[in-house]
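Predicted model only: the values in this text are computed from it and were never measured.
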Amino acid sequence: MTEEKKAKKVIIPNKHPMPAQDAVARAKNFDEVALGYDEETAVAEASRCLQCKKEPCRQGCPVEVYIPDFLKLVAERDFAGAIKKIKEKNALPAVCGRVCPQENQCEKYCTLGKKNEPVAIGRVERFCADWERAQGVQVPEIAAPTGKKVAIIGSGPGGLTCAADLAKLGHKVTIFEALHVAGGVLMYGIPQFRLPKEVVQAEIDNLRKMGVEIETNAVVGKFATVDELMNEEGFDAVYIGTGAGLPYFMNIPGENACGVYSANEFLTRTNLMKGYKFPEYDTPIKVGRKVAVLGGGNVAMDAARTALRLGAEESWIVYRRSKAELPARHEEVEHAEEEGVKFAFLTNPTRIISNEDGWVTGMECLKYELGEPDASGRRKPIPIEGSEFIMDVDTVVVAIGQGPNPLVPKTTEGLETNKRGNIVADPETGATSKPGVFAGGDVVTGAATVILAMGAGRVAAKSMHEYLMNK
Amino acid sequence: MYKILSKVTLAPTLHEYVIEAPRVSKRCQAGQFVILRIDEQGERIPLTIADFDREKGTITCVFQEVGKSTKQLGSLNAGDSLKDFVGPLGEPSHMGNFGTVVCVGGGVGVAPVHPIARALKENGNEVIGIMGARNKDLLFWEDKMKAACTELRVTTDDGSYVRKGFVTDVLSEVIAEKGKENIAMVIAIGPVPMMRAVSNLTKEYGIKTIVSLNSTMVDGTGMCGCCRVTVAGETKFACVDGPEFDAHAVDFDEMIRRSRIYKDEEKKALDKYTSNCSCSCGCGGGK
């Protein structure tokens, strides 16, 4: 680009707004909240990119999508070229375009964002993926068969990415999934209104077209161990991406009362089992008049917004720090607020009160104040003595995090884990203490984001390929 | 898809299915369970493994029609297939040579007790089986239990077969005959009130007792925490820590309360199902 042309470029300071369903209406349905850019808006937004040489945005992306390149193609209306470019690095663009914390990744480093709002990279990525799905997805080129067999345990974002990369390289890939559908947290955890399940299914169908086999209802550690997969079923390498499937509870009195859910249960009943369509679907979900969700992450926001959609009159986020420390994405907090979710900051429960039938009737809480920063760098919440009060709630959802599901580590001999139960794996390669066994995502790092799990899946796929070809 | 190879109706609402599931039958052990789903709209239904045949690659399940899903399950026939079938789940029964073990099966609980009794006998234990049901029509697998146990005693609540009385009555007699110090362990599986009654009885005598808890579950792999039970003051997940627990440490009251969480919804689902029935028997088969 010449200096002359550069000077002519008119900078649009703000992102093009994302069309969304009306807040009042959407709080009562499970349809997708954000509606996506149309072609004109996507082109206009992509044209905001300065095409700077340094590409800082790419460094902020855990899978290093060729961001300026794909934006340029969108600006030129070459949508087919753009999605192809994205898919060179990202196997799940329709998912990432929706649920990645872009503001903390690619968009955080956008040059334009220094003085103005950054390019809405995620929204344009989503547009490209949706455009492709509407056209019919192209199956990427697959290398000649290598004759090597790989088992992937868990079909969440990390496992799917690892599978896609290895399949492209010509390996025979089988994914083992414990639930009856593939997708992991994308299916059971993230609500329909944020990530439609049809979108996930389309990405998974694409993987199947690439020759990846998916065996559902397959609980590794129970029907077969990792060693049996390798020694008896002939798998040359294994990737463990079983995620963070062990819910944490507060360990306060009354937590086993009727009406207290883990966020995992609450979201699984709703998303995976379609509890919101009961009795058309057989799995019930019960939500009372006033719901308290404990925690402040994305999962907590999802649960609080889901509660409203299930008919709760009031849905509260109860968080022991202040608004500034909420770990959830800004956009999710905003959406929750717009929909009417209420927030009790600097508050934490001490016990759950129930009636003689065992049902929740209230929650005793303490008020907190913020002290000095703690190990996490955030100001430490300190309870205020004598500040007890009773919150009038009849449903409680505990969304304070998850640990690694122990089924696979427990049944795999020679697999090193740390004191939290996470699998120890080299961040550079995904290699574990057991030869031929690799791991990544939440089961290694603890609960994190979809894109970080995908990055780990990609890293492992690369080193697994080397391992397999040298074997 | 998981094919139902045979169906035996043991009593009007009690069925035995042999299901083709080679992956599950290859590894399963006494005490474990499976989760099945009938169709796309179906819920995940946990059922304890009642028998298995590793050579044929089959699992046998026995269930009683109670709510909508089990009624719908009961409307299937040999040749039909289940949408999903996952297992083996849960921890297997603790096995070994303990001496004399009393295996108590109440109602449909006879089915899950059966493979445990058989495995215990194979391990050299003297196995005294006690099986009971409300009436003669609801009793099943007497022959199989006879083969699985060293000695079998049968009772019916109403006296319509063998004798009148609860399984706890028979258990008291066994304890009196054998002497409490000569009974290494009691294993009791059946309706929760029955398991609690057995637990209360053996607690008096200080006889170690194991129960298998059929809590409400969703995923069955420790992911959702729906099945949590309080055992010795600690929260345990029945799906991965159990399903078997030390009966004397289980908070049965809490367990009963939690099992009723969805009773209104269950009734609603059942009413909707039976009212849509197109046949005249009220079985719900017309859906």
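Of residues 210-228 of chain B, those residues lying under 4.5 Å from chain A by any heavy-atom pair are B:Thr216, B:Val218, B:Asp219, B:Thr221, B:Gly222, B:Met223, B:Cys224, B:Gly225, B:Cys226, B:Arg228.
Of the two parts of A:Asn405, only the side chain, counted from C-beta on, holds a non-hydrogen atom closer than 4.5 Å to a non-hydrogen atom of chain B. The contact between A:Leu407 and chain B is made entirely by side chain atoms (from C-beta outward), counting heavy-atom distances below 4.5 Å. Residue contact with chain B, scored on non-hydrogen atoms closer than 4.5 Å, is absent for A:Val181. Heavy atoms closer than 4.5 Å to chain B are found nowhere in A:Leu267, neither backbone nor side chain. At a 4.5 Å heavy-atom cutoff, the contact between A:Ala257 and chain B is made by backbone atoms alone. Proximity to chain A involves both the backbone and the side chain of B:Glu91, based on heavy atoms less than 4.5 angstrom apart. In this structure, the portion of A:Phe278 lying under 4.5 Å from any heavy atom of chain B is its side chain and not its backbone. Of the atoms belonging to B:Phe85, it is backbone heavy atoms, and not side-chain ones, that fall under 4.5 Å from chain A.
Residue B:Thr230 holds its OG1 atom at 10.0 Å from CD of A:Glu255, rounded to the nearest 0.5 Å.
Here the closest non-hydrogen pair linking B:Gly42 and A:Asp282 is CA-OD2, 3.5 Å. Across every non-hydrogen atom of B:Phe237 and A:Leu246, the tightest pair is CE2-CD1, 4.3 Å.
Note: A:Arg269 leads A:Glu280, A:Arg269, A:Lys277 in heavy-atom pairs under 4.5 Å with chain B. Per-residue counts of heavy-atom pairs under 4.5 Å with chain A were compared for B:Arg260, B:Lys83, B:Arg44; the largest is that of B:Arg44. Interface remark: of the candidates A:Gly358, A:Gly259, A:Pro284, A:Pro284 forms the most heavy-atom pairs closer than 4.5 Å to chain B. Here B:Arg37 is the residue among B:Arg37, B:Lys268, B:Glu254 with the most heavy-atom pairs under 4.5 Å with chain A.
Counted within 6.0 Å of NZ on B:Lys3, heavy atoms from surrounding residues, nucleotides or ligands total 12 or fewer; the atom is thus considered open.
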B:Thr235 and A:Asn256: CA distance, side-chain angles, deciding distance, side-chain hydrogen bond (donor to acceptor under 3.5 Å, both in side chains) verdict: CA-CA 8 Å; B:Thr235 294; A:Asn256 289 346; 3.2 Å; yes
Check against side chain to side chain contact (heavy atoms under 4.5 Å, CB included), B:Asp264 and A:Lys286: CA-CA 10 Å; B:Asp264 295 347; A:Lys286 211 160 177 144; 3.9 Å; yes
Derivation and outcome, side chain to side chain contact (heavy atoms under 4.5 Å, CB included), residues A:Phe223 and B:Val86: CA-CA 9 Å; A:Phe223 82 87; B:Val86 56; over 6 Å; no
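Although no hydrogens or angles enter the test, the distance criterion places a donor-acceptor pair under 3.5 Å between the side chain of A:Lys222 and the main chain of B:Gly90. Between the side chain of B:Arg257 and the main chain of A:Cys258, no donor-acceptor pair closer than 3.5 Å is present. Of the possible polar contacts, none joining the A:Lys274 side chain to the B:Gln41 backbone as a donor-acceptor pair under 3.5 Å is found.
Evaluation of the side chain to side chain donor-acceptor pair (under 3.5 Å) rule for A:Asn271 yields no partner, not counting sequence neighbours.
Every pair tested for side-chain hydrogen bond (donor to acceptor under 3.5 Å, both in side chains) that includes a residue from residues 242-254 of chain A fails, sequence neighbours excluded, so the list is empty. Pairs passing the salt bridge (Lys or Arg N to Asp or Glu O under 4.0 Å) check and including a residue from residues 12-27 of chain B, sequence neighbours excluded, read A:Glu215-B:Arg23, A:Glu228-B:Arg27, A:Glu232-B:Lys26, A:Glu233-B:Arg23.
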